[in-house]
S.K.: 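First the structure, which I've put down as structure tokens, then a few questions once you've had a look.
Every chain is numbered from 1, with letters handed out A, B, ... down the list of sequences.
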Amino acid sequence: MAYEHDAIEKKWQKFWQDNKTFKATINNDKPKYYALDMFPYPSGQGLHVGHPEGYTATDAVSRMHRMQGFNVLHPMGWDAFGLPAEQYALKTGNNPKDFTNQNIQVFKKQIQSLGFSYDWDREINTTDPKFYKWTQWIFEQLYKKGLAYEDKIMVNWAPDFMGGTVVANEEVVDGKTERGGYPVYRKPMRQWVLKITEYADRLVDDLDDLDWPESIKEQQRNWIGRSTGSSVFFNVEGHEGAQIEVFTTRPDTLFGASYMVLAPEHELVDQITTPEQADAIKKYQDEVSRRSDLERTDLNKDKSGVFTGAYGINPVNGDKLPIWIGDYVLASYGTGAIMAVPAHDERDWEFAKKFDLRITPVIEGGDVQEAPYVGDGAHINSEFLNGKNKADAISEMIDWLEEHHAGEKKVNYRLRDWIFSRQRYWGEPIPVIQWEDGETTLVPEDELPLRLPDTNQLEPSGTGESPLANIDDWVNVVDENGRKGKRETNTMPQWAGSSWYWLRYMDPDNDKELASQEALNYWSPVDLYVGGAEHAVLHLLYARFWHKVLYDLGIVPTKEPFQKLVNQGMILGENHEKMSKSKGNVVNPDDIVNQYGADTLRLYEMFMGPLEESVPWGEKGLHGSYKWIQRIWRLFVDDDNKLRDRITTINDGKLDKIYNQTVKKVTEDFGRMHFNTGISQLMVFVNDAYKVDDLPVEYMEGFVKMISPIMPHVAEELWSFFNESDTIAYQAWPTYDESQLVEDEIEMVVQVNGKVKGHIKVAKDLDKAAVQEIALANEHVHSTIDGQDIRKLIVVPGKIVNIVI
RNA sequence: GCCGCUGUGGCGGAAUUGGCAGACGCGCUGGACUCAAAAUCCAGUUCCUUCACGGGAGUGUGGGUUCGACCCCCACCGGCGGCACCA
């Protein structure tokens, strides 16, 4: 009977569900393995063929680990807060909750049709009050530790986005919002901020011990941007007590400082500006404040600035340095002030050239009037640093500064604190109340969750505040003493729930703790985490930060949440371009499942190339995968839907070697997530099996086990031909016999001058001299040498003979 | 500009420590089966040259190390991703 994917897949999906085959429970007799997918945002578009790639990989790893005796935790859930649901609700007057739940149902059905071995009893949903109770609880712990604070800060204000909202630094790309591409301006606003910078050092240093792709670690290091240098204090001439602190990574070039620049927003600007310069300064400040980030960076490569009229005093030599303001100095980095050394810094050089400021070289090498010299070299014009190299000069200058109280060693970070509030309805309410007497309190823990009010009439506030601001019943509160207060109307960003969700899977129904200590200790950490590289800095940095806070609180047992991280590559359209609706190259997994079945889709996605690489979709290749499953089917099942007669207990030995090789290679390759090469080995086995008369039961059962991580439905069905009552999911993974892999006689290659001229068969442990003799006796080798002198002869036992003439 | 990754047949991709380049799949070609087609099974398939045996070239380009280089080193070119006035 032919292979019927539809019936087989439905049958086994029902079996797994009815029997809770993949239910995970704590079992201290077994080693645990936690395989996690980045949980999806359930968008209205439904599943994309990119989703199943990572999901299939973790599923295959999970299934293989179960067969290898591990107790596997493999869960799935929904990152369901987010903008599209709110936009939809505002547009249509519907409730985002209903819309979100519908989308989840679609997603869940699609995911289940692919036969993943999730423990659905552990399904979570970030918008479920039972879940976000603990998101709010974690926020309260952050607040108590002083890691969550309110501040009037310069935020990324996107007035055209959703009726006006603030976005995080990480959500700004090229001066525009990451989603939607709306312009972003700097604006001071009251916001909740999380002090991620306090963990900056640990977030950098702990990367070293993680089994993560180097590129992701590097992106995180760059994002945190730790730089070591020193601060230097400059007095301002004629302003007793006014002191400008600058940060520099090159204190060794202090003798070459020829001017200073403050950010236009720097607090000392007004104080030190001379009356003659006041108008020009004011005008420049106004101009800059109206510029968006985009205009300040990309569109404005030309340096601009205005002289304040004031002078700083160089502490090391008493030089008078004109103080300018310029927007190439950012208020938000370092101290918002720099010492300019145009001879050895590109940006300072451009500025100096434009405004005709002094350029004094302090390091030998290059003509600094023509171009800045940024390389190393001997210091000049630098008194006690003369002749020294960069590294020595830096440490000596820092010593000098510290001795003279003119500066100190300092570390700076590019990373800023995490702006944590959003002016939206569809997010976790921040559990804070502002009382009329000015006190700010947390909602008591025993009153959590603080639920989002149900509403069918979601309306923009019109003030840039969250729509929650209009819901008076919810906003206004009175305490037992009659004191009035207002709830915080900002909600948390979408990153909140995903910053700890992997912990909740460990104990999803616990209403006393975010998860029990027993569960946390047993399942932590996540052994394998798979998802797209687009989360390299956002999600993965926030998640690590929260995890470290919970570690410090003694809640989680590990410093890091995700021991091993793998980024699946993108699946591109058939034209090698990113799949998108506008390009018309989107493939819908539902269509594939209908036409070919889930096993074919899973097999194809694992076979098409290395998991980490981006690979184009190919309909022909997909069809090839389908044909191979049918070929397997025919190998096992005859026309009467019975196991073929050729599958017997007779073993004529013809498949011994290839079977044992296959077990070895598949076990190793799947273990390293090199699915494409493991599958190719399974194909070789099938090709060989077609060529022999007798198929030993043991090998055929082993083969079915080996295909089961990738093609679980067809594997279960074939397994049932051998053993009617059981699932294959917990059968022992096949082992191989090492002795079957070693041969007594091996083939060696004989080269002449590096070119292959012949092959010889020799005994495995024949000595070099004998091998040499046989090689030289080879007819073809002999005729190639043609009596010429042999200059050198290399014998690598078991591999190669190379004769040099 | 800086950082990371990457470059192999017509296509997707293999190649463990420096040791037979192109496994496996797709496509293509031929054969078997069939009235025929599809499906299936078998064989071939890097390029050039040769009836053939053979011979030559070949892993982005140019150099180097080595008995031997897809692999290591230097310089360059192309592609992908990230960062981008961060002092």
S.K.: What integer number of Å spans the C1' atoms of B/A21 and B/C71?
M.R.: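 These two C1' atoms come out 11 Å apart once rounded.
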
S.K.: In whole angstrom, give me the gap between the P atoms of B/C11 and B/U61.
M.R.: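 Looking at atom P only, B/C11 and B/U61 are 15 Å apart.
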
S.K.: Determine the Euclidean distance between corresponding P atoms of B/G9 and B/A14; express it in Å to zero decimal places.
M.R.: 14 Å

S.K.: A/L603 CG to B/C24 C1': how many Å, rounded?
M.R.: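 Taking atom C1' of B/C24 as the reference, CG of A/L603 is at 12 Å.
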
S.K.: Taking atom types as they are modelled, is there a donor-acceptor pair under 3.5 Å from the base of B/C85 to the side chain of A/K303?
M.R.: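 Present.
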
S.K.: Using a heavy-atom cut-off of 4.0 Å across all strands, would you classify A/Y413 as base, sugar-phosphate, or nothing?
M.R.: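 Nothing: the residue A/Y413, judged by heavy atoms under 4.0 Å, touches no strand.
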
S.K.: Report the distance from atom CD of A/E214 to atom P of B/G4, rounded to the nearest whole Å.
M.R.: 9 Å

S.K.: Rounded to the nearest Å, what distance is computed from the CG atom of residue A/N222 to the P atom of nucleotide B/A84?
M.R.: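 Whole-Å distance recorded here is 9 Å.
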
S.K.: Quote, to the nearest angstrom, the P distance that separates B/A57 from B/G68.
M.R.: 15 Å

S.K.: Within 45 degrees of the ring normal and closer than 6.0 Å to the centroid, is that where the cationic atom of A/R631 sits relative to A/Y690?
M.R.: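 Yes, A/R631 lies over the aromatic ring of A/Y690.
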
S.K.: Just checking A/K578: does its NZ atom have more than 12 heavy atoms from other residues, nucleotides or ligands closer to it than 6.0 angstrom?
M.R.: no

S.K.: Quick check for you: to the nearest 0.5 Å, what is the distance between A/I679 atom CD1 and A/I710 atom CD1?
M.R.: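 Result: 4.5 Å between the selected atoms.
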
S.K.: Reckon A/S625 touches a base, only the sugar-phosphate, or nothing at all at heavy-atom distances under 4.0 Å?
M.R.: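 Nothing, no nucleic acid heavy atom in range.
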
S.K.: Relative to each other, are the rings of A/H344 and A/Y373 parallel, tilted or perpendicular (30° and 60° limits)?
M.R.: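 Perpendicular.
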
S.K.: Under 30°, 30 to 60°, or over 60°: which ring-plane class applies to A/H535 and A/H539, parallel, tilted or perpendicular?
M.R.: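 Perpendicular.
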
S.K.: Need one value for A/D348: base, sugar-phosphate or nothing, where a base atom within 4.0 Å counts as base even if backbone is also close, heavy atoms only.
M.R.: nothing

S.K.: What does A/K757 touch in the nucleic acid at a heavy-atom separation under 4.0 angstrom: a base, only the sugar-phosphate, or nothing?
M.R.: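 Result for A/K757 = sugar-phosphate.
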
S.K.: Using a 4.0 Å heavy-atom cut-off, does A/V756 contact any base of the nucleic acid, only the sugar-phosphate backbone, or nothing at all?
M.R.: sugar-phosphate

S.K.: Check if the side chain of A/H759 and the base of B/C20 share a donor-acceptor pair of N or O atoms closer than 3.5 Å.
M.R.: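 In this structure, the two groups form a donor-acceptor pair.
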
S.K.: Between side-chain atoms of residues 255-263 of chain A and protein atoms elsewhere (two or more places apart, or another chain), which donor-acceptor pairs fall under 3.5 Å?
M.R.:
| residue | atom | partner | partner atom | Å |
| --- | --- | --- | --- | --- |
| A/S258 | OG | A/R358 | O | 2.7 |
| A/Y259 | OH | A/Y328 | OH | 3.4 |
| A/Y259 | OH | A/D348 | O | 2.9 |

S.K.: Enumerate the residues from residues 657-681 of chain A whose closest heavy atom to RNA chain B is under 4.0 Å, giving them by residue number; use none for an empty result.
M.R.: A/N676, A/T677, A/S680

S.K.: Can you give the dot-bracket line for RNA chain B, using ( ) for pairs inside the strand, [ ] for pairs that cross earlier ones, | for pairs with another strand and . for unpaired bases, where Watson-Crick and G-U count if both distances are under 3.5 Å?
M.R.: (((((((..(((......[....)))((((((.......))))))((((....))))..(((((..]....))))))))))))....

S.K.: How far does the P atom of B/C47 sit from the matching atom of B/U29, given to the nearest Å?
M.R.: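 Here B/C47 and B/U29 have their P atoms 14 Å from each other.
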
S.K.: For nucleotides B/G58 and B/C48, find the distance between their C1' atoms and express it as a whole number of Å.
M.R.: 11 Å

S.K.: Give me the ring orientation class for A/F685 and A/F703: parallel if the planes are under 30° apart, tilted from 30 to 60°, perpendicular past 60°.
M.R.: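 Because their plane-to-plane angle is under 30°, the rings of A/F685 and A/F703 count as parallel.
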
S.K.: Identify whether any heavy atom of A/P213 sits under 4.0 Å from a base atom; if not, whether one sits that close to sugar-phosphate; answer base, sugar-phosphate or nothing.
M.R.: nothing

S.K.: I need the CZ-C1' distance between A/R631 and B/G25, as an integer number of Å.
M.R.: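 The answer, rounded to whole Å, is 12 Å.
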
S.K.: Distance check, P atoms only: B/C80 and B/U8, in whole angstrom units.
M.R.: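 14 Å, rounded to whole Å.
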
S.K.: For nucleotides B/G10 and B/U46, find the distance between their C1' atoms and express it as a whole number of Å.
M.R.: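 The same atom, C1', in both gives a distance of 10 Å.
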
S.K.: Do A/R544 and A/W212 meet the cation-pi criteria used here (NZ or CZ under 6.0 Å from the six-membered ring centre, within 45° of the axis)?
M.R.: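 Satisfied, under 6.0 Å and within 45°.
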
S.K.: Could you check B/G7 for me: syn (within 90° of 0) or anti?
M.R.: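 B/G7: anti glycosidic orientation.
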
